[in-house]
Asks: 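Below you will find the structure I want to go over with you.
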Amino acid sequence: MKICTIQELLNARVIVGEERLGDHVYSACGSDMMSDVLAYVKDQAVLLTGLVNPQVIRTAVMMDMHCIVFVRSKEPTPEMIQLAEESGMVLLATDKRMYEACGLLYSNGLVGNKVRETSA
Amino acid sequence: MSGALSFHFDVDGENFTMAGQASVQVKKNLRRLGLPPEVIRRVSIAMYEGEINMVIHAGGGHAEVVVAEDAIEIVLQDNGPGIANIEQAMQAGFSTAPDAIRSLGFGAGMGLPNMKRYTDEMDIQSEVGRGTRITMRVLLEN
């Protein structure tokens, strides 16, 4: 799925990364716990979250993600936007809640099927 | 480790929002060296978890990353309270992080297990009241 399709499905605003809206992504995950993203996520390119602090951007960078969608009308801070720009990360913001946003993307083909097994 | 390249970082323990800066820099440095993406990913995630831990639990510390021919070694050293029971701390889900940290998206008790999972070797030396030294290695296949 192209990132611009995510933007359309979620009626999202592009905060940064307009030039990368044509990039393709193949899976996504949703979480407000960055600990869980670091522990359980593998190969997901899109993070949906309602958490707003710079660690969200750094966590996504560590996981080689391409796009972060802020749900529930959350707005990233200028510091976060700068970090995202430096990392080539696309930031989107939607007023939809996490459940609905994830459901819309999943039902339109953006799966989360590569979640790591939980056995440590 | 003759010919090894090393990076040193001081991790500021005063400001949680700054945590992870060293790991982001390490990731950039390893990319410039042209190392395999999966190796870079494993090193940077393990270091990021360790860096976050140092800020949450130990008031900061020092990080050293050494890139040698056969492995990348990460050494995290702090002068924090130490870990009383390492076996317990290694259990997934065990955490002593305060609620304020959980509200920032961390403190789920996955840090140390995750560091072990993403590295090939991990050693924890800790003394209560003195601090903790964690050494991790990610092996490079030739």
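Proteins get letters first, then strands, A, B, ... in listed order; numbering begins at 1 in each.
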Asks: Just wondering, more than 12 heavy atoms not from B:Glu87 lying within 6.0 Å of its CD?
Replies: no

Asks: Could you tell me which portion of B:Glu49 (side chain, backbone, both or neither) has an atom closer than 4.5 angstrom to a non-hydrogen atom of chain A?
Replies: side chain

Asks: Quick one: do B:Val43 and B:Leu35 end up in the same hydrophobic cluster if we chain Ile, Leu, Val, Met, Phe, Trp and Tyr together by side-chain heavy atoms under 4.5 Å apart?
Replies: yes

Asks: Which residue out of B:Met90, B:Met18, B:Met47 racks up the most heavy-atom pairs below 4.5 Å with chain A?
Replies: B:Met18

Asks: For residues 74-81 of chain B, run the donor-acceptor check on the side chains, cut-off 3.5 Å, and write out each pair with its distance to 0.1 Å, sequence neighbours left out.
Replies:
unit_1: B:Gln77; atom_1: OE1; unit_2: B:Arg133; atom_2: NH1; d: 2.9
unit_1: B:Asp78; atom_1: OD1; unit_2: B:Gly80; atom_2: N; d: 2.8
unit_1: B:Asp78; atom_1: OD1; unit_2: B:Thr132; atom_2: N; d: 3.2

Asks: So for B:Ile52, is it side chain, backbone, both, or neither that comes closer than 4.5 Å to the heavy atoms of chain A?
Replies: side chain

Asks: Are more than 12 heavy atoms from other residues, nucleotides or ligands located less than 6.0 Å from atom NZ of B:Lys116?
Replies: no

Asks: For residues B:Phe94 and A:Met33: do they belong to one hydrophobic cluster (side chain heavy atoms under 4.5 Å, members Ile, Leu, Val, Met, Phe, Trp, Tyr)?
Replies: no

Asks: Listed by residue number, which members of residues 63-82 of chain A have a heavy atom under 4.5 Å from any heavy atom of chain B?
Replies: A:Met63, A:Asp64, A:Glu79

Asks: For chain B, which residues from residues 45-61 of chain A have at least one heavy atom closer than 4.5 Å to it?
Replies: A:Leu51, A:Asn53, A:Pro54, A:Gln55, A:Arg58, A:Thr59, A:Val61

Asks: With a sphere of 6.0 Å drawn around CD of B:Glu38, does it hold more than 12 non-hydrogen atoms of other residues, nucleotides or ligands?
Replies: yes

Asks: Do A:Val37 and A:Ile6 share a hydrophobic cluster (ILVMFWY, side-chain heavy atoms under 4.5 Å, transitive)?
Replies: no

Asks: Select, from B:Pro37, B:Gly109, B:Ser44, B:Ser103, the one with the greatest count of heavy-atom pairs under 4.5 Å involving chain A.
Replies: B:Ser44

Asks: Is it true that a side-chain atom of B:Asn114 and a backbone atom of A:Leu38 form a donor plus acceptor pair closer than 3.5 Å?
Replies: yes

Asks: Show the numbers, then the answer: is there a side chain to side chain contact (heavy atoms under 4.5 Å, CB included) between B:Arg41 and A:Asp43?
Replies: CA-CA 11 Å; B:Arg41 175 184 161 96; A:Asp43 298 335; 4.2 Å; yes

Asks: Hey, could you give me the OG/CZ distance between A:Ser35 and B:Arg102, rounded to the nearest 0.5 Å?
Replies: 9.0 Å

Asks: What residues of residues 87-95 of chain A make heavy-atom contacts with chain B at a cutoff under 4.5 angstrom?
Replies: none

Asks: How about B:Met110 and A:Tyr40: do any of their side-chain heavy atoms sit closer than 4.5 Å?
Replies: yes

Asks: Going only through I, L, V, M, F, W and Y residues with side-chain contacts under 4.5 Å, is there a path from A:Met34 to B:Phe16?
Replies: yes

Asks: Which atoms of B:Tyr48 are under 4.5 Å from chain A, going by heavy atoms: the side chain, the backbone, both sets, or neither?
Replies: side chain

Asks: In the single-linkage hydrophobic clustering (I, L, V, M, F, W, Y; side-chain heavy atoms under 4.5 Å), do A:Val25 and A:Leu10 co-cluster?
Replies: yes

Asks: Taking the side chain as every heavy atom from C-beta outward, state whether A:Met62 and B:Val24 have any pair of such atoms under 4.5 Å apart.
Replies: yes

